[in-house]
Undergrad: 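I have a structure I would like to understand better, so I am pasting it below and will then ask my questions one at a time.
Remember, it's 1-based here, ligands and their atoms both numbered in the order they're listed.
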Amino acid sequence: MVRVTVGVKGRAYDVTIGSGVIERAGDHLPDLQQATRAFVVADRTVADAWFEPLASALVDRGLTCVHLAVPRGEGAKTLEVYEALLHQLATQEAHRDDVVVGLGGGSVGDLSGFVAATYMRGVPFVQVPTTLTAQVDASIGGKTAVNLPEGKNLVGVFAQPRAVLADVASLATLADRDFRSGLAEVAKYAIALDVELLASLERDPAGLLAREPGALEDVVARCVRVKARTVAADERDAGERLFLNYGHTLGHALERLDAFAGRTHGEAISLGMVFAARLAESMGTCEPGLAGRTTRLLASLGLETAGALPPAGEILAAFRLDKKYQGGVRFVLLEDVGRPAVVDDVPEAAARAVLEEMGAA
Ligand code: GLY
């Protein structure tokens, strides 16, 4: 069991990582004062597997769990589902000290965090991430949101949870594709921010790929430490937190473009990291060999490094909607592995040329 503190000023909290964390959830929660009920937001599949163990563990803390069911995946992050959850809390007379728990992947975490941050102007919130993506990234750092038809995460607030419980046992039953999607975020930390993790993945990713509990605990804890450090230094995304978006400019564009709606977040950011490395190489701003090293790592983790792309013009238009856009597209590019920088003045022609080399028409 590993505990990592996210040292956000005045609202520090712990992330507990290990196998069996949910079954001992009562031991890992901070003091929740007058809370008598925990409203657990989860889709039915996740609830079938984890609601009962969580509810039994919280009885000892005097908490009665109530399941609030939501649709699976990104489809849950709508204003309609958000409103329905608020009605359920109100009709069940949830009070200000009661706790909302997000049990599931990143979508449930974003949605339930936004509910917790806004119901009665804010009630305590606990994240219990059950996917690799959510454990290493989405559950930490207090980003909450729902989508609008016009774009992802357009409505939300920053609101830190009171605790994050990351049970690596929940990763054993993840579908291969979902697990791989999380590996893309792991690769992001390794390439952009943690060269020791990169070296260890390059040496031997077998334990991680076999989902051995010890290997999972080590890798999740390592990523969480990087995320915790980054969020503590820049809670509001004004500086180094932007580095966590490495590979995400193209990734988000691919997710946004209809033809690629089926691609997972991880598949999209995997291509995004290949693109970012090739772009930095083409501009001569990074050490040579970055793109090759990136591609080899991603391929060794079973991730896509080449594939059909939408037309370059559509991708460039989507770049302009990126949240990092500030009068021009800003990319996170690497000077070398472990050395990220936010680059404001990437010529559109350079981005277009790399997209075309990668097969965009
Ligand atoms: N997932 C990027 C961030 O939390 O800032």
Undergrad: So does Glu287 pair up with Arg293, basic N to acidic O under 4.0 Å?
TA: no
Undergrad: Is Glu281 salt-bridged to Arg278, cutoff N-O under 4.0 Å?
TA: no
Undergrad: Write out the protein residues near ligand 1, meaning a non-hydrogen atom under 4.0 Å from one of its atoms, in order of chain and number.
TA: Asp137, Lys143, Lys227, Arg241, Leu244
Undergrad: Any side-chain to backbone donor/acceptor pair from Ser270 onto Glu304? Under 3.5 Å, distance only.
TA: yes
Undergrad: Keeping Thr144 on the side-chain end and Gly156 on the backbone end, is there a donor-acceptor pair under 3.5 Å?
TA: no
Undergrad: Heavy-atom distance under 4.5 Å between the side chains of Thr131 and Leu174, does that happen here?
TA: yes
Undergrad: Report all side-chain donor-acceptor pairs from residues 159-171 shorter than 3.5 Å, counting only partners two or more places apart or in another chain.
TA:
unit_1, atom_1, unit_2, atom_2, d
Gln160, OE1, Tyr13, OH, 2.6
Gln160, OE1, Gly142, N, 3.3
Gln160, NE2, Gly141, O, 2.9
Gln160, NE2, Glu235, OE2, 3.1
Asp167, OD1, Gly20, N, 2.9
Asp167, OD1, Ala169, N, 2.9
Asp167, OD2, Gly20, N, 3.4
Asp167, OD2, Val21, N, 3.0
Asp167, OD2, Ile22, N, 2.9
Ser170, OG, Thr130, O, 3.4
Ser170, OG, Gln135, NE2, 3.4
Ser170, OG, Asp167, O, 2.7

